[in-house]
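Since the structure comes first, as structure tokens, the remarks are kept for the end.
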Number of protein chains: 2
Amino acid sequence: MSRLSYYGDMALRYALIGLLLDRPGSGYDLARRFEEVVGAYAWDARHSQIYPELRQLEGEGLIEVAERGARGRTTYRCTSEGLAALRAWLMAPPARPGGVRNEHVLRLFLLGALGREEALVVLRRTEEGATTQLEHLTEQFARLQEGTGSDSGGPLGLTAQYGIHSYRATAEWARWAIAQVEADPDFGLRDVEVRSGH
Amino acid sequence: MSRLSYYGDMALRYALIGLLLDRPGSGYDLARRFEEVVGAYAWDARHSQIYPELRQLEGEGLIEVAERGARGRTTYRCTSEGLAALRAWLMAPPARPGGVRNEHVLRLFLLGALGREEALVVLRRTEEGATTQLEHLTEQFARLQEGTGSDSGGPLGLTAQYGIHSYRATAEWARWAIAQVEADPDFGLRDVEVRSGH
DNA sequence: TCTCGACATGTCGAGTTTGATATGTCACAC
DNA sequence: GTGTGACATATCAAACTCGACATGTCGAGA
């Protein structure tokens, strides 16, 4: 079985190994961590994909069962083989550039299809969303600094800062874009320009 | 046929309509535009997916054949129905937050799995990559400003600026992260910490 | 005791996406 | 004239992913 995932080879498995390296967890637990942390801006997966992948990884010896608890809970832990595989993957430069999917960014790409007022609505929505995320992550980073007693907040602090930089950039871009559109009475498609259906 | 794509409903079709709105083009042409422009940070698609989707869209009347040229070239154009569909999609708030896939960002998330020196290698690689992209996009933006005679560079200028903001944020974050790791002799996993395989 | 909601895992059909493979045209250089 | 590389479209098996459905446990509070 070749186990080649199309989006950046085997990203899901390394995400899981990495999550387990941080701390052991069950499939349920990992599914929630995906949703809350990784899913927001790095990768996305559902439990229906996570459970089979965990069994696969266990079969390959990259993770192991740490504990079988109540309610059928199976807690996994990363093995040294898993860590070695993850490190090898991280050090190898990405096979393919691109391979990105981000619906939110795609929408921003297509803004030219809207009229001026509509574009402003979408841009304001973008600005608000980014600002909210920024506040959220800033708090989280402060907690990480306290928790680790380090300025960087440890490895998770690095991640949080990445998010902070990204969302700040988006919010700043949105404010710039709003100003540009507001200053340009001709921005966007006129309804007049719409071509007839055929 | 329900035509529900899992990653953000029907993102591919709207990306294609949007690309055709900018200017008509053939499947081959759109495949290249995907690779060069959209694929880099918004969405990704191959010709083997693009050709069938174009036929589907034509069947639904959202795009139409503009011209049949040499070498079997079929140039498509967006119809008013297609534009209306695109606008409706853009104005409807995204069904699902998240749904993001970005292998590059995922790698950054997993940096904690590396030792100090290895993490620095990856971070420096990240910083260089982002800086290169930044230079590239800055040039492109200047050309768009010239071309459109507008400060914003038109809708494509907005897109280019988004990229500029994003890559600048990544480069700045990488420099910050490098400084943090360099200042912290204890960063990263010690080989000693690696657990035995079982 | 019973019910509700969070915990926890599992399955599968339907649909999506890839990478490989195939076919052929055209322009240009050698 | 013939080889090379860009142009241009097509197909399909294999693999991946989703959403929906299914099953059951456990603790807390009514």
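Values below: every heavy atom of this structure, side chains too, minus hydrogens, waters and symmetry copies. In the text below, chain A, chain B and the rest are named by the order of the sequence lines, each starting its count at 1. Here the structure is a predicted model, which means the values were calculated and not measured.
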Please report, rounded to the nearest Å, how far the P atom of dT17(D) is from the CD atom of Q49(A). 4 Å

For residues 120-129 of chain B, which side-chain donor-acceptor pairs fall under 3.5 Å, sequence neighbours excluded?
from	atom 1	to	atom 2	distance (Å)
R124(B)	NH2	E182(B)	OE2	3.1
R125(B)	NH2	M91(A)	O	3.0
T126(B)	OG1	V122(B)	O	2.9
E127(B)	OE2	T131(B)	OG1	3.1
E127(B)	OE2	R175(B)	NH1	2.5

Interatomic distance where CZ belongs to F34(A) and C1' belongs to dC18(D) [whole Å]: 15 Å

Assess whether a salt bridge exists between R46(B) and E35(B), defined as any Lys/Arg side-chain N lying under 4.0 Å from an Asp/Glu carboxylate O. no

Aromatic ring proximity, centroids under 6.0 angstrom, Y162(A) and F109(B): no

d(CZ, R68(A); P, dT25(D)) in whole Å: 17 Å

In whole angstrom, what separates M10(B)'s CE from dG19(D)'s P? 13 Å

Output yes when a side-chain donor or acceptor of Q145(A) lies under 3.5 Å from a complementary backbone atom of D151(A), and no otherwise. yes

Interatomic distance where CZ belongs to R46(A) and C1' belongs to dG19(D) [whole Å]: 9 Å

Write down the distance between CG (L16(B)) and P (dT17(C)), rounded to a whole number of angstrom. 11 Å

So, is the end of the R107(A) side chain (NZ or CZ) under 6.0 Å from the ring centre of W89(B) and within 45° of the ring's axis? yes

Write down the distance between CZ (R101(A)) and P (dC18(D)), rounded to a whole number of angstrom. 10 Å

Output one letter per nucleotide in nucleotides 5-10 of chain D: B when a protein non-hydrogen atom lies under 4.0 Å from the base, S when only the sugar-phosphate is that close, - when neither is. -BBBBB

Using atom CD of E53(A) as one end and atom P of dT11(C) as the other, report the distance to the nearest whole Å. 15 Å

Enumerate the residue pairs fulfilling ring-ring contact (aromatic ring centres under 6.0 Å, His included) with a member in residues 138-160 of chain A, sequence neighbours excluded, ordered by first and then second residue. none

